[in-house]
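What you see is a predicted model, and the numbers here were worked out from it, not measured in a lab. Residue indices begin at 1 and follow the sequence shown. For ligands, and for the atoms within them, numbers begin at 1 and follow the listed sequence.
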Amino acid sequence: MIGEPWSTGVSRGSDGVVSVGGVDVHTLAATHGTPAYVLDEADLRSRARSYRRAFETAFAEIGAGVDVYYAGKAFLSVAVARWVHEEGLRVDTATGGELAVALRAGVPGADIGLHGNNKSDSEIARALDAGVGRIIVDSLVEIERVADAASAEHPAPVMVRVTTGVHAGGHEYISTAHEDQKFGLSIHAANGDSPAMQGLLKVLSRPELTLLGIHSHIGSQILDPSGFEVAARAVLTLRAQLAERTGVLVEEVDLGGGYGIAYLPGEVALDPDRIAKDIASSVSASAQDVGTPLPRFSIEPGRAIVGPAGLTLYTVGTVKPVRIDDGSIRTYVSVDGGMSDNIRPALYGAQYHAEIVGRRSDESTVLARVVGKHCESGDIVVHEVRLPGDVRAGDLLAVAATGAYGRSMASNYNHVPRPPVVAVADGQTRVLVRRETEDDLLALDQG
Ligand SMILES: Cc1ncc(COP(=O)(O)O)c(C=O)c1O
């Protein structure tokens with residue numbers, strides 16, 4: 001094992017060749033080509049289990065139940081939906097497409113949630129048809145639309161997504177509970193009832209809806225747990241206010257996802273046991289303060305389950321030394337993928353770590369920037385990393401912790417076919433999502 005930020009199944013032999021789950025990178029590249037997303041099944045499953053067990057244990061201690069939903073937006077395929085469900089997680093979907101994958105995997109509707117700030121009528125209808133366990137409604141208008149699509153005989157189970165004003169996470173675009181963004185209903189009132197309270201009251205007024213509870217997701221890649229605790233207190237307070245006003249004490253509270261992982265060596269991921277204990281003790285204290293019994297909780301980790309389990313394997317092409325502003329040399333190392341298989345560095349300035357994985361090098365390192373093959377100077381895969389000075393065309397290079405929001409945000413920019421997702425377990429590989437071909441892309445082009 002190389003250690004963080006690599007998956008636990010990654011090891012480097014004395015010849016410098018890296019293996020994942022018992023398969024060396026040369027075999028992976030020869031069998032599946034590059035670039036390829038490589039997913040360490042045992043690592044993914046063990047993270048899913050750790051989150052479930054940590055939360056179940058910590059919440060049992062405060063006398064509350066908890067469900068763990070895997071946030072499919074991080075990465076969803078039929079196999080992954082199956083794996084996480086086998087590990088006791090439910091599946092959280094954000095679109096009809098993700099819902100289709102979860103259903104294809106055989107996840108029962110009751111174990112699926114549907115999110116989205118702009119669900120289409122057909123997405124709502126499909127969710128109701130599938131009997132999803134919960135639809136998380138995001139606006140007052142949507143509450144009406146879901147109610148209109150359901151019936152009093154078969155009411156739709158809904159949670160109301162609220163924003164608490166807690167701003168957490170690495171980048172503005174991945175912080176979702178502050179006020180000036182598109183998700184949820186604010187708990188803050190300018191005058192009269194807050195949008196969140198209006199939403200809850202509206203749900204209660206419609207016999208076609210069952211109000212399961214309140215949902216709050218405060219952001220992503222959160223490394224400081226205090227944000228979860230402040231948001232949970234705000235949600236429990238809102239729940240108590242609704243009970244005082246209407247006599248209805250909703251049964252569930254979802255605290256969303258956002259558990260941070262290590263992307264770089266030396267970074268420390270949130271520890272599931274620690275965070276579960278901290279959140280459990282803080283919600284227990286908050287519920288006591290507001291004077292209500294505890295609800296059933298749920299959480300929705302995505303990145304923390306699949307992110308560290310994945311890496312992207314590339315082949316190095318052009319290597320170019322470039323003199324930069326301070327007079328020093330930066331070595332630009334181009335790989336055979338780029339922003340089409342990982343948009344996060346360009347989108348959020350996300351940082352990643354890369355290593356040459358196909359051989360040993362005793363050369364001293366140089367300051368390198370790993371870039372892709374796209375027609376954008378912002379097509380950066382790894383902003384800054386030290387690589388062996390003899391890095392050269394043909395080298396295999398791996399980028400760590402790309403399991404989340406890599407393939408799921410991939411594009412066909414420059415008509416580059418998207419890489420396959422290859423699972424590795426016990427020395428065997430299995431293609432979960434095959435490589436796209438130019439024929440796939442041309443098949444969409446109607447001339
Ligand atoms: C509602 C909701 N739940 C869960 C997640 C998963 O977040 P993460 O992958 O950071 O755990 C997101 C991410 O955007 C989200 O919007």
Side-chain angles (χ1 to χ4, degrees), residues 44 47-48 50-52 54-55 66-76 80-81 84 89-95 98-99 102 112-119 132-139 142 158-164 166-178 181-185 213-225 227-228 231-232 235 252-263 267 269-272 275-276 279 297-310 343-344 347-348 350 401-409:
L44 189 155
R47 289 175 201 276
S50 303
Y51 263 89
R52 184 174 59 73
F55 274 81
V66 66
D67 297 306
V68 180
Y69 283 74
Y70 169 66
K73 64 203 71 171
F75 173 69
L76 200 62
V80 166
V84 295
L89 274 54
R90 299 179 180 202
V91 179
D92 167 36
T93 63
T95 61
E98 288 180 7
L99 175 61
I112 301 176
L114 178 68
H115 271 280
N117 67 302
N118 187 24
K119 301 171 191 74
V132 298
R134 40 148 107 172
I135 297 178
I136 294 89
V137 290
D138 203 88
S139 63
E142 190 178 75
V158 301
M159 299 189 88
V160 174
R161 179 159 175 179
V162 304
T163 50
T164 56
V166 179
H167 181 134
H171 187 281
E172 186 189 355
Y173 297 164
I174 55 176
S175 305
T176 56
H178 59 295
Q181 49 78 33
K182 68 178 184 170
F183 291 108
L185 292 164
I214 306 176
H215 183 288
S216 152
H217 170 79
I218 58 171
S220 280
Q221 188 50 18
I222 297 166
L223 293 166
D224 170 5
F228 293 113
V235 169
E252 296 187 32
V253 164
D254 189 300
L255 300 175
Y259 305 92
I261 64 169
Y263 281 102
E267 273 185 341
L270 279 187
D271 172 54
I275 183 87
I279 296 179
F297 286 91
S298 45
I299 60 159
E300 300 171 340
R303 173 194 323 257
I305 308 293
V306 70
I343 190 64
R344 295 188 68 258
L347 189 61
Y348 308 135
T402 58
Y405 306 107
R407 179 59 172 77
S408 69
M409 285 186 161

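- Note on Lys119 versus Glu142: salt bridge recorded, some NZ/NE/NH1/NH2 to OD/OE distance being below 4.0 Å.
- Remark: side-chain polar atoms of His115 are not paired, donor with acceptor, to backbone N or O of Asn117 under 3.5 angstrom.
- Less than 4.0 angstrom separates some heavy atom of Gly258 from each of these atoms of ligand 1: 7 (O), 8 (P), 10 (O), 11 (O).
- Listed by atom number, the atoms of ligand 1 under 4.0 Å from Ala71 heavy atoms are 4 (C), 5 (C), 6 (C).
- Shown in contact with His115 at under 4.0 Å from a heavy atom are these atoms of ligand 1, numbered in order with element: 1 (C).
- A donor-acceptor contact closer than 3.5 angstrom links the side chains of Arg303 and Tyr263.
- In the vicinity of Arg303, heavy-atom distances shorter than 4.0 Å reach the ligand 1 atoms 8 (P), 9 (O), 10 (O), 11 (O).
- Note on ligand 1: Tyr405 sits in its first shell, one or more heavy atoms being nearer than 4.0 Å.
- Checking only distances, Glu300 does come within under 3.5 Å of ligand 1, N or O to N or O.
- Between Leu270 and Phe228 there is a side-chain heavy-atom pair separated by less than 4.5 Å.
- At least one N/O-N/O distance between Gly302 and ligand 1 falls below 3.5 Å.
- For a threshold of 3.5 Å applied to N or O pairs, the pair formed by Ser220 and ligand 1 contains at least one separation below that value.
- Among all heavy-atom pairs drawn from Ala48 and Leu89, the shortest one is O-CD1, 3.5 Å.
- Listed by number with element, the atoms of ligand 1 under 4.0 angstrom from any heavy atom of Pro301 are 11 (O).
- Under a 4.0 angstrom heavy-atom cut-off, Ala404 registers as lying outside contact with ligand 1.
- Judged by the 6.0 Å and 45° rule, Arg47 forms no cation-pi pair with Tyr259.
- Cation-pi contact between Arg161 and Phe183: present, with separation from the ring centre below 6.0 Å and deviation from the ring axis of at most 45°.
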